[in-house]
Protein chains: 2
Amino acid sequence: MTTLTPAAAAARTGVSIDTLRYYEREGLIGPIRRSAGGRRAYTEDDVFWIGLVTCFREAGLGIADLRGFVAILRAEHPPQARVAFLRERRAALEQQVAALHRAMEVLDEKITYYS
Amino acid sequence: MTTLTPAAAAARTGVSIDTLRYYEREGLIGPIRRSAGGRRAYTEDDVFWIGLVTCFREAGLGIADLRGFVAILRAEHPPQARVAFLRERRAALEQQVAALHRAMEVLDEKITYYS
DNA sequence: TCTTGACCTGGAGCGCGCTCCAGATTCGAG
DNA sequence: CTCGAATCTGGAGCGCGCTCCAGGTCAAGA
């Protein structure tokens with residue numbers, strides 16, 4: 001199977017090598033397979049997963065939230081707990097969208113005023 | 001004119017006393033008027049402004065961004081610079097909304113999958 | 001074989017946004 | 001006038017999310 005070096009994985013995902021190692025330490029990704037000499041070899045699945053993590057980070061979720069997400073998707077929890085967790089996170093994101101819209105309304109008002 | 005003590009202002013705005021002082025030090029609010037003895041006396045205008053700052057903080061703007069906003073609204077910049085700044089901030093918020101929607105789509109997919 | 005560069009680990013450092021603390025001062029109730 | 005609560009200042013401390021560094025290992029080309 002074709003794998004990626006750390007540098008290549010970083011380039012593909014837009015996440016720095018240091019951050020990839022950090023995410024692995026924190027249990028957000030991996031554990032990443034190693035070559036004979038101990039170097040990391042990222043699979044396509046790893047890259048995909050890193051993309052998910054990045055997506056949630058950009059949406060403002062914290063490292064601890066992401067750890068919860070990992071635990072959920074690894075089926076370490078009963079189904080109803082999974083759905084509950086996911087809905088809760090979704091609600092938090094909706095709150096955040098609402099906050100953004102409030103701020104945008106204020107900006108729009110000021111833009112109108114100064115235009 | 002009726003003014004508020006620090007404790008009252010904190011209660012009204014939902015921002016801690018320490019944070020109010022911090023915002024003032026950073027130039028995001030105030031300077032707040034003082035009583036003879038040196039205590040802060042928050043006006044209704046101050047409270048309103050603190051509300052604006054809070055609105056933007058909740059939307060994810062940083063302290064430096066807010067400082068820029070303060071400078072703009074205090075008319076320390078030419079009109080076109082004001083509008084440019086405001087539009088730029090607005091665009092950033094839209095980006096953030098887009099990031100949130102992407103994350104919500106992923107969550108929705110997982111929720112569907114696990115339901 | 002030698003060199004060069006990518007990678008390894010553990011741990012220190014950093015910027016942000018508060019939050020807390022010590023020690024002094026002021027204010028209002030009794 | 002006294003006492004306790006609220007506030008003052010300057011500065012230290014903290015949690016987060018990286019980011020950087022030193023000192024050593026591994027791998028591929030000349």
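Protein chains get the first letters and strands the later ones, always in sequence-line order, with residue 1 at the start of each. What you are looking at is a predicted structure, and each value in this text was computed from that prediction instead of being measured.
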**Student:** Could you run down nucleotides 21-29 of chain D 5' to 3' and tag each one B, S or - for protein heavy-atom contact under 4.0 Å?
**Tutor:** ----BBS--
**Student:** Which residue lies toward the 5' end of DNA chain D, A:S16 or B:R34, if each is placed at its nearest nucleotide?
**Tutor:**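 Nearer the 5' end of the strand: B:R34.
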**Student:** Round to the nearest Å and state the distance from A:R33 atom CZ to C:dC8 atom P.
**Tutor:** 14 Å
**Student:** Calculate the interatomic distance between B:Y22 atom OH and D:dT9 atom C1'; express it in whole Å.
**Tutor:** 17 Å
**Student:** Is the backbone of A:Y114 close enough, under 3.5 Å, to the side chain of B:R82 for a donor and an acceptor to pair up by distance?
**Tutor:** no
**Student:** Of the candidate nucleotides D:dC18, D:dT7, C:dG17, which contains the atom at the shortest distance from the side chain of B:A7?
**Tutor:** D:dT7
**Student:** Test your reading of the model: is there a side-chain donor-acceptor pair from A:T13 to the backbone of A:A9, 3.5 Å cut-off?
**Tutor:** yes
**Student:** Taking ring pair (Phe, Tyr, Trp, His ring centres under 6.0 Å) as the definition, give me every residue that meets it alongside A:F85, ordered by chain and number, with sequence neighbours left out.
**Tutor:**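 In terms of ring pair (Phe, Tyr, Trp, His ring centres under 6.0 Å), with neighbours along the sequence ignored, A:F85 is linked to no residue.
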**Student:** Measuring from the side chain of A:I63 (C-beta onward, heavy atoms only), which nucleotide among C:dT19, D:dT9, D:dC18 has the closest atom?
**Tutor:** D:dC18
**Student:** If you check the B:T19 side chain, which of D:dC8, D:dG17, C:dT19 turns out closest?
**Tutor:** C:dT19
**Student:** Looking at B:R40, does any N or O in its side chain come under 4.0 Å of the phosphate oxygens OP1/OP2 on D:dC8?
**Tutor:** yes
**Student:** Please identify which of these residues, A:V70, A:L28, A:T43, meets the side-chain contact (heavy atoms from CB on, under 4.5 Å) condition with A:W49.
**Tutor:** A:V70
**Student:** Main chain of A:L61, side chain of A:R57: is a donor-acceptor contact present, judged purely on distance under 3.5 Å?
**Tutor:**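 Pair found, side chain donor or acceptor close to backbone of A:L61.
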